[in-house]
Amino acid sequence: MGTRSTYRIIEEYSTGKKVKKVKQNEICLIYRQYDGYPTGHPLETAEWLSTGKVVNGYGANEKKLVFNGAGCLAAQLIWKLKAGETGNTYVQSLSSRGNSWEDYLYDIIVKEDYSIEFVCYENDTTKTELFRGTPSEFVKKYKKEEVEKE
């Protein structure tokens, strides 16, 4: 039996001139059938995210992994997770989040300052937040847990 999970890609931005309000634009939901526990593919995803940077426009000479905004990050993540295989990875409607028997829910939030926040929830009755921080911090925490298991 697989450990199901979803990634929700979110773009965060401010509105208003006098009083700024932070808004979120949910871009897509990616469903994964297997290995969705934090030390599975989410750890690999956080490692991958931590090697890149979010930009607004990019040059042809970029040597590093670059995401030209949240939509580009979402497209690259789908490409990375799919890797040409049939099954296992699906794009679903945002309204289905938490209703596909997922064990874990992940949010990848692209902040207005182009930083990335990685959030992990256990999909229990209260949707317990297990982690909130940068992808690098997620790697540090769950790499340590992975090593301790061995």
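A quick note: this is a predicted structure, and the numbers were derived from the prediction, not measured. In what follows, every heavy atom counts, from backbone to side chain, and hydrogens, waters and symmetry copies are set aside.
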(request) Verify the neighbour count for atom NZ of K23: are there more than 12 heavy atoms of other residues, nucleotides or ligands below 6.0 Å? (result) no

(message) Does atom NZ (K53) have a neighbourhood of more than 12 heavy atoms from anything else shown, all under 6.0 Å?
(response) no

(message) Any heavy-atom pair between the side chains of S100 and Q92 that's under 4.5 Å?
(response) yes

(message) I need the L73 CG to N68 CG distance, nearest 0.5 Å.
(response) 11.0 Å

(message) To the closest 0.5 Å, what do you measure between CD (E44) and CG (D35)?
(response) 8.0 Å

(message) Between K82 and E85 (side chain of the first, backbone of the second, donor and acceptor by atom type, cut-off under 3.5 Å), is there such a pair?
(response) yes

(message) If you define the side chain from C-beta out and look only at heavy atoms, does anything of R132 sit under 4.5 Å from E117?
(response) yes

(message) Please determine whether side chain to side chain donor-acceptor pair (under 3.5 Å) holds for the pair R32 and S5, giving the CA-CA distance in whole Å, both sets of side-chain angles, and the decisive distance to 0.1 Å.
(response) CA-CA 5 Å; R32 292 277 293 186; S5 62; 5.9 Å; no

(message) Are L29 and V91 packed together at the side-chain level, in the sense that at least one heavy-atom pair is separated by less than 4.5 angstrom?
(response) no

(request) Side-chain contact test, heavy atoms from C-beta onward, threshold under 4.5 Å: evaluate it for R8 versus L105 and give yes or no. (result) no

(message) Just verifying a value: how many Å separate L94 CG and I27 CD1, rounded to the nearest 0.5 Å?
(response) 9.5 Å

(message) Show the nearest heavy-atom pair for residues C28 and I78, with the distance to one decimal.
(response) SG-CD1, 4.4 Å

(request) Over all heavy atoms of both residues, which pair between K64 and T51 is shortest? Give the atoms and the distance, please. (result) CE-O, 3.1 Å

(message) Test of understanding: clusters of I, L, V, M, F, W, Y form through side-chain heavy atoms closer than 4.5 Å, transitively. Do Y37 and Y7 belong to the same one?
(response) yes

(message) I'd like to know if V110 and L81 are part of one continuous hydrophobic network [Ile/Leu/Val/Met/Phe/Trp/Tyr, side-chain heavy atoms within less than 4.5 Å].
(response) yes

(message) One pair to check against side chain to side chain donor-acceptor pair (under 3.5 Å): Y104 and E102. What are the steps and the verdict?
(response) CA-CA 5 Å; Y104 295 95; E102 303 104 296; over 6 Å; no

(request) State yes or no: do V54 and V119 share one hydrophobic cluster built from I, L, V, M, F, W and Y residues joined by side-chain heavy-atom distances below 4.5 Å, directly or via other members? (result) no

(message) Could you tell me if the side chain of P42 sits less than 4.5 Å from the side chain of F138, heavy atoms only?
(response) yes

(request) List the atom of S50, the atom of P135, and the distance in Å for their closest heavy-atom pair. (result) N-CB, 4.0 Å

(message) Is the distance from the ring center of H41 to that of Y106 below 6.0 Å?
(response) no

(request) Give a yes/no verdict on a cation-pi contact between K111 and Y13, requiring under 6.0 Å between NZ or CZ and the six-membered ring centre and an angle within 45° of the axis. (result) no

(message) If hydrophobic clusters are built from ILVMFWY residues whose side chains come within less than 4.5 Å, do W79 and Y90 share one?
(response) no

(message) Could you tell me if S14 and E112 have a donor-acceptor pair between their side chains, going purely by distance under 3.5 Å?
(response) yes

(request) Give a yes or no on whether the backbone of E137 and the side-chain of T134 come within a donor-acceptor separation of less than 3.5 Å. (result) yes

(request) Measure the spacing between OG of S136 and CD of E47 and express it to the nearest 0.5 Å. (result) 9.5 Å

(message) Any non-hydrogen side-chain atom of L77 less than 4.5 Å from a side-chain atom of T45?
(response) yes

(request) Might you work through the side chain to side chain contact (heavy atoms under 4.5 Å, CB included) test for N25 and E12, ending with a clear yes or no? (result) CA-CA 6 Å; N25 179 28; E12 199 170 87; over 6 Å; no

(message) What's the separation between atom CG in D124 and atom CG in L130, rounded to the nearest 0.5 Å?
(response) 8.0 Å

(request) Of all the heavy-atom pairs spanning D103 and G2, show the shortest one and how long it is. (result) OD2-O, 4.0 Å

(message) Quick one: does any side-chain atom of D113 pair with a main-chain N or O of S115 as donor and acceptor, under 3.5 Å?
(response) yes

(request) Could you tell me whether W48 and F67 have their ring centroids closer than 6.0 angstrom? (result) yes

(message) What verdict does the side chain to side chain contact (heavy atoms under 4.5 Å, CB included) test give for F131 and Y121, after you've listed the backbone C-alpha separation in whole Å, the side-chain angles of each residue and the deciding distance to 0.1 Å?
(response) CA-CA 7 Å; F131 176 86; Y121 301 91; over 6 Å; no

(request) Decide side chain to side chain contact (heavy atoms under 4.5 Å, CB included) for T89 and I30; before the verdict, give the C-alpha distance in whole Å, the side-chain angles of both, and the deciding distance to 0.1 Å. (result) CA-CA 7 Å; T89 303; I30 305 165; 3.7 Å; yes

(request) State the CD-CG distance between Q76 and L65, to the nearest 0.5 angstrom. (result) 5.5 Å

(request) Given side chain to side chain contact (heavy atoms under 4.5 Å, CB included), test I10 with I108 step by step and report yes or no. (result) CA-CA 6 Å; I10 302 168; I108 298 171; over 6 Å; no

(request) Could you tell me whether E122 and K127 make a salt bridge, using a distance below 4.0 angstrom between a side-chain N and a carboxylate O? (result) no

